[in-house]
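For reference, the structure is listed below as structure tokens.
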Amino acid sequence: MLILNDISKTFNPGTVDAKLALNHVSLTVNDGDFITIIGANGAGKSTLFNAVCGSFVTDTGTIFLDGKNITMLAEHKRARVIGRLFQDPMRGTAPDMSIEENLSLAAGEGGWLSHMSLRNRREFRERLALLGMGLEDRLKQPVGLLSGGQRQALTLLMATYHPPKLLLLDEHTAALDPGTARKVLELTASIVRENGLTCLMITHNMQDALDLGNRTIMMGAGEILYDLSGPTREKATVQSLVRLFSDASGKTTASDRMLLGLDLEADTPDEEDRMDEEEPKKEKKGKKNKGKKKKK
Amino acid sequence: MNDVLAFFASYLDVGQTALELAMFNGLTVLALFLSYSMLNVCDLSTDGCYTLGAAVGVVTVIELPKLFLGLAEANPDAAGFYNAMASASPYLSIVLAMLAGMVSGLVVAVLQTRMGVQSLLAGIVVNTGLYSINLIITGNRSTVAIMRKTDTVFTLMKDGVKDTFLADQYKLAVGVIAVVLVAVFLILFMRTKLGLAIHATGSNADMVRSSSINPAFTTTIGLMISNSFTALSGCLFAQQAKSFDINTGSGMVTVALASLLIGGVFTARRSVWVRVIGAIVGTFIFRLVYAIALKMNMPAYMLKAVSAIIVVLAISGPYLVKQLKLLRRRAAANRERGEAYADPQ
């Protein structure tokens, strides 16, 4: 369980460039949660991940992971229990080194002076075969020769080699072509499912944000604007998210939220009436939702 | 006919000197292989560290026997132990020189990983500081000579191979042993988890961090090991030359880098053990070409200019070739366009 308690971060404090990147954010992520995070550029999504990973120490607040206070823990020590993927497929692997050498570091077995054993290699080959990219026959090749998709898949494998307590995915398919992105996303979903990982995923794809996981968070101006889960989330559609999204920079009013059907859990006739009055669009959304449910 | 033989014999001689120098310099090249090629740190403290190794090596090999023999006289009970230590001084001096190198590497690493000094500046600052340190070690003497009767690993080796076919090659023998030991160590070390982590730090520090390893730690270990080899190199060079000179290491980083880059031309993107051997071969090629150039009346003071040019060519050569192709294409495109505009239609 990840608990963020009132964390804030200001970059360049006390200067004209001061930017409040995280504004007293509190968030509880339950074990097994798969949360998708959406929000405009500069909303604070990646900064939130950086705070959790320990790229910087937050100005205020505390961070608990699995009952331990990690607020002040060094980045590389947190990495033991937190796996992270970036948008840039080049960031997660060492290009000059071979696939097996990269995996060997990720596996991190043995003491400082231990060598890679045959048993290690066999396991690397088995794990790589699961990616379905033919990498299992290229153990000795430098990672720099792989395509972006292959590198991202390898990074995913490395980040989850020992199932982490928390997996952070920072738009990890955004730099890939649509076909490869789909494949890496499916791979991600299956690895998360099989290991029962707790996962946060930043995405700009609204469909993915709703299809994957069990919770969706929208961020804006360093705050969590919406936290959708359960029936509310099931009712939400891509259109409603996009609408929320475009409003996120400005002020969102209660009527906006009603418009989007987010406060409509209770089927009080009062609200139903209002909805009918306001927009015929609403009905369309309802139909779409029903269609989706049937699919599932 | 005799002239021809003499000609080849003189080149054979050139070859041997080149080989000897290649071995002593080869240790510095291997040190730079670790710091420059693996860790991706251009360690500019190399010059000072090489001189540091020479200073410690020469001073200890002279002073240690005196110290231990004095102690043996003062403590007759433990005389056996101290006498043994006195006769082990040549080996002790090498160990001490390497330890001094490690400390120097540690300082460079701490400056750049824990104190926010840029990597290049950390090396330069330590290099400058080492000049004074080296003079402190030698008691403010800029040259120190080793007396004929003082034992070094070279005199021990000379005695050891006196009646064998290696009698004339005792210096070379010491150099080869040292280079082989260091090369084998490097090849095995780079395959350990620590070695892989050091290599990865030079390739992608983010990835090292996400493997729960502190890049500051790997950088520190890497620079300590690399500088211990640089100091070993300086120590052996000074001991075979039987003298210490405060300027012995000046420009060493460029000379060694030239050798490393020559080796890298043939072994780029190959596995680590191939690249280690490539670095040694590169050193030999560099020394051989240099020795032949000397034979052809190139003045000895050109060594550093030649090294500097080789380093520039090896690093910027591929870039310049690419630029040249681009310039040609651009010129061709301009010509075509010019023709198109010139077309009267």
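Reminder, nothing fancy here: chain letters follow the sequence lines and each chain counts from 1. Bear in mind the structure is a predicted one, so any value in this text is a computation, not a measurement.
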Q. Could B:Arg275 and B:Phe33 be counted as a cation-pi pair, given that NZ or CZ must be under 6.0 Å from the ring centre and within 45° of the axis?
A. no
Q | A:Leu176 to A:Ala181 - nearest heavy-atom pair and separation | A | CB-N, 4.0 Å
Q: Look at the side chain of A:Lys183 and the backbone N and O of A:Gly132, then say whether any donor-acceptor pair between them is shorter than 3.5 Å.
A: yes
Q | Option passing side chain to side chain contact (heavy atoms under 4.5 Å, CB included) with B:Thr230 (candidates B:Val253, B:Leu52, B:Thr46, B:Asp43) | A |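 Of the listed residues B:Val253, B:Leu52, B:Thr46, B:Asp43, the side chain to side chain contact (heavy atoms under 4.5 Å, CB included) partner of B:Thr230 is B:Thr46.
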Q. Can you check side-chain hydrogen bond (donor to acceptor under 3.5 Å, both in side chains) on A:Asn50 and A:Thr47, steps first, answer last?
A. CA-CA 5 Å; A:Asn50 284 336; A:Thr47 312; 5.3 Å; no
Q: Applying side chain to side chain contact (heavy atoms under 4.5 Å, CB included), run through B:Val306 and B:Ile310 and close with a yes or a no.
A: CA-CA 6 Å; B:Val306 170; B:Ile310 289 178; 3.9 Å; yes
Q. For chain B, which residues from residues 71-101 of chain A lie under 4.5 Å away (heavy-atom distances)?
A.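 Those residues of residues 71-101 of chain A which have a heavy atom under 4.5 Å from chain B are A:Glu75, A:His76, A:Ala79, A:Arg80, A:Met90, A:Arg91, A:Gly92, A:Thr93, A:Ala94, A:Pro95, A:Asp96, A:Met97, A:Glu101.
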Q | Residue pair B:Asn25 / B:Thr283, side-chain donor-acceptor N/O under 3.5 Å | A |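 No - no donor-acceptor pair under 3.5 Å links their side chains.
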Q: Could you have a look at B:Asp206, B:Leu188, B:Asn214 and say which one has the most heavy-atom pairs with chain A under 4.5 angstrom?
A: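 Of the candidates given, the most pairs with chain A belong to B:Asn214.
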Q | Whether over 12 other heavy atoms sit under 6.0 Å from B:Arg270 CZ | A | no
Q) Got more than 12 heavy atoms from elsewhere within 6.0 Å of CZ, A:Phe56? A) yes
Q | Heavy-atom contacts under 4.5 Å, residues 193-205 of chain B to chain A | A | B:Lys193, B:Leu194, B:Leu196, B:Ala197, B:His199, B:Ala200, B:Ser203, B:Asn204
**Q.** Validation row: B:Leu186, B:Phe229 side chains within 4.5 angstrom (heavy atoms)
**A.**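 The answer is yes; the side chains approach within 4.5 Å.
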